[in-house]
Amino acid sequence: MTDDQRTIRGRKRHLIIGAVLPMLIALCGALLAITWLPELPDPVAIHWGGKGADGFGSAWTLILLPIGITLVFTIFTELALSSARRRGRLTANDKILFVGRHFLSVLLTVGTIGSLAAQRSLDDAADAPDIAGPMLAGVLGGLLLATLVWFVLPKAVSPSFDEEAEAQPIELAPDERVFWQRTVRISGAVVALIVGVLVFAGGAGILASLGSASGLPFAIGISVCVILTYTGMSFWRVRADRRGFLVRGALGWPRISIPNAEIAEVRVIEVNPTADFGGWGWRMASGRRSGIIMRKGPAIEITRTDGRRLVVTVDDAEVGAGVLTSLTRSS
């Protein structure tokens, strides 16, 4: 089999297993639940607390929830995996995103549709039993399917970090000082996707909590925390000066500071967010790498004296790396 044939075969497998199967699971669950509508109380229980069912609403909320969330997550990850789809091979980080669709689809479908199954023939949804059983079955079923899909897929390929030489220092006069600073942010398209996911998930959580006095404040509080965390990690300031290298989030945290004396090497590398780090944001990767990954393209990689590495995707990476190399050599 030629490389082109393997690539085409990999793309077909990617589409059928990765996109069609998760949606098919959610759709089958929804169709099954629709046949139960005449047997379900109106309204049904859609939220459970410590004392049992405490939130109520339309059965369609639980029927459509797995389809909507699975569809949004599949589209989001499909865009993130576009380069992997073109080459027909996945890295380990790509495969985690890929099988995450199957886990999420089974978890939501079994959990939500199972909660409806437990309410069939009830006169009052307040008598609905606890849903710990369906949710546990969803978790176990999701893990099982995700594991099977992982091993059905081809063996993961290694991340493709370029083995570039150390950045060349910028020539400075003996009494000359240099300072370099940039702002790093996620691209507009990724921001739109993430905001869409947050709005959908937050709206679904608030909707599911409308019938609960304690559930609604909790859902709103979680949504606010998620939005603040996202805001703090979507915009970063990057600075290199005589004190060292500093990366700081928009809200002042997270904050990563590396003194010049702790910098062993500075390089410029090419980064693919999903393949190399499993996505965007503050990420971890193999080889003792952490990263502030906002986009695909050039990045500054700093190797510390203890072997840990920090990768930051940023405009003007070549100049920033040159400035930092000059500062570390003169310190």
Side-chain angles (χ1 to χ4, degrees), residues 83 91 93 158-188 190-191 228-331:
S83 60
T91 65
N93 288 321
S158 300
S160 56
F161 287 111
D162 291 336
E163 294 298 328
E164 299 290 347
E166 185 177 8
Q168 294 300 309
I170 293 177
E171 296 296 331
L172 301 174
D175 58 347
E176 187 177 7
R177 292 185 177 182
V178 65
F179 173 89
W180 178 84
Q181 179 173 288
R182 289 292 182 273
T183 299
V184 186
R185 58 174 57 88
I186 296 179
S187 67
V190 176
V191 169
L228 289 175
T229 301
Y230 162 72
T231 302
M233 294 191 184
S234 296
F235 302 88
W236 301 76
R237 291 195 179 278
V238 185
R239 187 184 71 203
D241 58 22
R242 59 185 179 80
R243 292 168 292 183
F245 188 75
L246 175 67
V247 187
R248 182 166 52 89
L251 302 180
W253 186 91
R255 186 178 186 275
I256 305 171
S257 179
I258 308 176
N260 287 327
E262 296 181 11
I263 297 176
E265 185 181 55
V266 182
R267 300 191 305 144
V268 176
I269 63 174
E270 287 289 324
V271 170
N272 182 310
T274 54
D276 299 332
F277 285 89
W280 295 268
W282 189 9
R283 313 292 296 188
M284 304 298 292
S286 59
R288 302 187 70 187
R289 283 185 173 93
S290 61
I292 308 301
I293 310 300
M294 299 288 104
R295 65 180 187 185
K296 179 180 180 180
I300 297 175
E301 181 187 66
I302 299 171
T303 302
R304 307 189 195 200
T305 52
D306 62 4
R308 289 180 295 160
R309 300 183 182 190
L310 174 67
V311 178
V312 182
T313 56
V314 62
D315 287 332
D316 211 18
E318 293 81 3
V319 174
V323 168
L324 193 56
T325 301
S326 298
L327 292 168
T328 57
R329 292 186 178 182
S330 61
S331 61

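The first residue in the sequence is number 1, and the count goes up from there.
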Go through the steps for Glu265 and Arg267 under the test side chain to side chain contact (heavy atoms under 4.5 Å, CB included), then give the verdict. CA-CA 7 Å; Glu265 185 181 55; Arg267 300 191 305 144; 3.9 Å; yes
Does the salt bridge (Lys or Arg N to Asp or Glu O under 4.0 Å) test come out yes or no for Arg304 and Asp306, once each step is laid out? CA-CA 5 Å; Arg304 307 189 195 200; Asp306 62 4; 5.2 Å; no
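Of all the heavy atoms in Met284 and Ser290, the pair that sits closest is SD-CB, 3.6 Å. Residues Ile292 and Trp282 come closest through the heavy atom pair CD1-CD1, 3.6 Å.
Within 6.0 Å of the CD atom in Gln168, the count of heavy atoms belonging to other residues, nucleotides or ligands does not exceed 12. When the shell of 6.0 Å around CZ of Arg182 is examined, it contains more than 12 heavy atoms from other residues, nucleotides or ligands.
Contact check for Arg288 versus Arg309: no side-chain heavy atoms found under the 4.5 Å cut-off. Inter-residue side-chain proximity for Arg289 and Glu301 is flagged as met; some heavy-atom pair is nearer than 4.5 Å. Residues Val319 and Ile170 have side chains in contact (heavy-atom distance under 4.5 Å, counting atoms from C-beta outward).
The backbone N or O of Arg329 lies less than 3.5 Å from no partner atom in the side chain of Asn260, so there is not a single donor-acceptor pair. The main-chain N or O of Met294 is found under 3.5 Å from a side-chain atom of Thr313 such that the two form a donor-acceptor pair.
To the nearest 0.5 Å, atoms CD1 (Ile302) and CZ (Phe245) are separated by 4.0 Å. Here Arg308 contributes atom CZ and Thr303 contributes atom OG1; the two are 11.5 Å apart, rounded to the nearest 0.5 Å.
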